[in-house]
Amino acid sequence: ECGHISLSDPVVRLGNPITASCIISWNCSHLKPEPEILWKLESEHQPGGTQRRLPDGTLQSNITLPHLNHTRARLSCYLQWGSSYLQILDQAELQAGYPPPTPYNLSCHMNLTASSLICQWEPGPDPHLPTNFTLKSFKSRGKCQTQEKPIPDCVAEARQNHCSIPRKHLTLYQTIGVWLQAENTLGTSLSPQLCFDPMDLVKLQPPILRALEPSPGGAPALPGCLWLSWETHNSSWFMRKKCELRYQPRLAEANWALVTPLPSKSLHHELCGLLPATAYILQMRCVRWPLPGHWSDWSPSLERNATE
Amino acid sequence: ECGHISLSDPVVRLGNPITASCIISWNCSHLKPEPEILWKLESEHQPGGTQRRLPDGTLQSNITLPHLNHTRARLSCYLQWGSSYLQILDQAELQAGYPPPTPYNLSCHMNLTASSLICQWEPGPDPHLPTNFTLKSFKSRGKCQTQEKPIPDCVAEARQNHCSIPRKHLTLYQTIGVWLQAENTLGTSLSPQLCFDPMDLVKLQPPILRALEPSPGGAPALPGCLWLSWETHNSSWFMRKKCELRYQPRLAEANWALVTPLPSKSLHHELCGLLPATAYILQMRCVRWPLPGHWSDWSPSLERNATE
Amino acid sequence: PLGAAGSLPQSFLLKCLEQVRKIQVDGALLQEKLCTTHKLCHPEELLLLGHSLGISQAPLGSCSSQDLEVTSCLSQLHSGLLLYQHLLQALAGISPEVSPTLDLLKLDIVDFAAYIWQQMEDLAMAPSRQPSRNPTPTFSSAFQRRAGGVLVASNLRSFLELAYRALRYLASP
């Protein structure tokens with residue numbers, strides 16, 4: 001081999017020193033006048049290489065870059081003799097960054113429609129190195145002191161800060177232990193462990209809100225009323241839940257009024273005491289109840305005019 | 001097994017007869033009074049089953065449906081004894097259709113941008129059965145009398161009547177033999193074989209046509225003129241080609257006028273002799289030339305007013 | 001000394017010219033990719049390495065205009081294309097960004113070599129055996145494959161320029 005760069009470490013902490021050595025074979029270096037080994041970081045000349053001829057005739061240069069401040073950089077070993085063109089003999093890819101910061105805000109919710117447990121997290125500052133995030137979990141009981149059965153790792157896709165554990169890997173209504181492992185060449189870090197029953201973190205789909213006409217045959221409609229019906233997504237049909245309705249007139253600086261608790265389904269709900277002939281915005285959300293769960297997102301807004 | 005239907009053939013030609021036999025085990029048929037095996041096609045009772053008790057105690061019924069006119073149908077074997085509910089013991093899926101018709105109008109063109117040979121065909125009337133279309137081809141020389149090297153099959157996606165052979169499977173500038181095989185449960189049919197050099201079937205991308213302002217410094221523009229430039233897609237840069245321009249005034253029943261041949265690139269082309277101050281629609285297409293090839297599609301229309 | 005120039009079909013020469021231009025485009029793309037992706041833009045910086053790796057130039061002496069001899073020119077063109085085909089094969093695994101361009105260049109060279117050989121056979125101009133394979137350099141690192149790519153593309157460029165001049169001369173009426 002004509003020339004070869006070897007590195008103290010191909011990946012270092014950003015700002016740390018890195019030492020490289022370039023060895024050039026006899027047949028590539030027995031030139032007149034005696035050639036000089038030069039170093040470049042990207043296209044910038046790097047002085048300070050110490051060069052010597054080894055007993056076996058090879059030519060060696062060592063250099064230490066005191067602070068590597070590039071997250072990616074190409075280090076090149078050149079040979080110069082006389083007025084000839086600088087000859088590149090080898091290049092090495094340098095990488096610098098940080099060990100993975102401890103991921104935080106790990107939170108999960110059970111999605112009944114997708115039948116999977118979705119966990120997301122905050123990765124923390126960018127370590128500038130390819131970092132793998134793996135959601136580790138195990139089936140357990142009680143406070144997750146013992147690992148009953150491991151659950152296959154859930155490896156997040158590149159640059160994604162969420163991962164889904166499919167239903168077939170979960171035991172519902174029993175606790176599972178979950179934590180996140182972040183790993184790159186410079187180290188590994190673990191998030192705190194969570195311990196929960198996936199069903200206690202169920203997040204329902206938003207309910208479906210529909211406007212109704214005033215009841216046809218009924219008494220003449222009072223002013224300042226409107227009628228609506230709602231139902232929840234069938235994937236959570238089996239769950240007892242409660243809902244709440246918020247509404248506000250479509251006026252500047254209006255505040256939300258809240259009606260809570262409401263049943264998870266109503267074929268005909270009358271809302272009165274509103275400003276007559278005024279447009280109102282209504283939204284609803286539901287939560288598993290009395291058993292624990294996450295509130296669903298608010299439903300898409302329904303716009304409706306109160307009666308005159 | 002309680003009951004089992006066996007068929008002469010699970011797939012028959014539409015309108016052909018089909019024979020089925022239903023065998024019911026002793027422990028499912030030793031009932032009082034002697035049970036009767038009944039047949040239904042979908043939900044329609046089928047008379048004509050011949051029933052007998054076999055020496056080993058099993059009960060068997062055979063039936064022949066003279067003309068199966070459903071392309072898909074479910075044949076069910078029932079047991080009735082006394083006034084009890086009819087019991088389904090087995091079901092079989094019947095399929096009927098036709099052998100694949102001979103595909104026709106097989107044609108191919110070489111797409112330089114996608115670097116692949118795209119062949120399409122007419123599948124012929126629907127045989128009502130899942131039918132696979134496979135483009136078969138081989139590398140050859142001259143008139144494709146000899147198979148030099150097979151090319152991997154190109155299996156068309158379901159309900160697609162085209163297939164693309166990627167560049168890595170092709171030898172350009174040498175002839176390849178290509179034909180289409182259509183296959184389903186009832187048979188196979190082959191299209192006639194084509195023999196061509198893929199590059200002789202190159203179809204260029206349409207050229208890019210641009211309007212130009214009258215040359216700034218030049219003499220005052222004559223009435224009834226317009227200026228344009230054009231260039232072809234860089235994927236065919238290496239090919240010698242010719243182009244043609246067609247234009248017509250944006251008037252009812254106007255006819256296209258044709259300017260041919262034109263070079264494949266022009267930085268500044270003047271077109272005069274037009275109706276002054278009239279809007280014109282212009283389009284251009286190109287073809288490999290003098291070597292053979294397919295004309296490109298016409299370029300998107302360019303609309304321009306001729307000078308007053 | 002044109003030799004069998006008259007016997008070369010015009011469509012053969014036109015298709016040869018087209019293939020040379022196609023390979024020139026592929027080669028230029030390879031050089032551009034190696035420069036933008038790996039900052040290896042100057043073959044002059046890699047001559048010493050190229051010499052030590054044994055990357056040789058393909059001779060085209062019989063195609064130079066002074067003493068153009070058709071049969072040996074086609075034969076040298078064919079052998080040269082085989083040399084570049086094997087050199088490019090040795091560069092496999094050059095880098096994910098450059099590989100697609102390298103593969104397309106290789107395919108076009110393989111096809112052009114096969115096209116010339118077939119025509120020489122059809123015109124009974126082909127030597128009895130395909131030329132023996134020169135020893136191909138071994139590239140022992142990603143850097144050497146990229147540097148080798150720059151040198152091969154540069155050599156191929158001058159090889160094709162010479163070939164193009166000869167073919168255009170043969171195709172001229």
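Within every chain, numbering begins at 1; the chains are lettered A, B, ... in the order of the sequence lines, protein sequences first and strands thereafter.
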If you tally heavy-atom pairs under 4.5 Å between each of A:I5, A:N27, A:L89, A:L79 and chain C, the highest tally belongs to A:L89

Residues at least two apart in sequence or cross-chain that pass side-chain hydrogen bond (donor to acceptor under 3.5 Å, both in side chains) with A:T19, listed by chain then number, are A:T64

Closest non-hydrogen atoms of C:L49 and A:C2, given as atom of the first, atom of the second and distance, are CD1-CB, 3.8 Å

* Could you go through the side-chain contact (heavy atoms from CB on, under 4.5 Å) check for A:W81 and C:L48 one step at a time? => CA-CA 11 Å; A:W81 79 99; C:L48 184 56; 4.2 Å; yes

field: Full working for side-chain contact (heavy atoms from CB on, under 4.5 Å) between C:L40 and A:Q91
entry: CA-CA 10 Å; C:L40 291 173; A:Q91 283 185 335; 3.6 Å; yes

Ranked by heavy-atom pairs below 4.5 Å to chain C, first place among A:E1, A:E42, A:H4, A:E93 goes to A:E1

Note to self: Does C:R145 have more than 12 heavy atoms from other residues, nucleotides or ligands lying within 6.0 Å of its CZ?
What the structure shows: yes

Next item on the list: Could you tell me whether a side-chain N or O of C:E45 sits under 3.5 Å from a main-chain N or O of A:I88, the two making a donor and an acceptor?
Entry: no

* **Over 12 non-hydrogen atoms of neighbours within 6.0 angstrom of NZ in C:K15** => yes

Looking at A:H169, I want to see if its NE2 is surrounded by more than 12 non-hydrogen atoms of other residues, nucleotides or ligands under 6.0 Å. yes

Applied to residues 43-57 of chain A, the salt bridge (Lys or Arg N to Asp or Glu O under 4.0 Å) test, sequence neighbours excluded, yields A:E34-A:R53

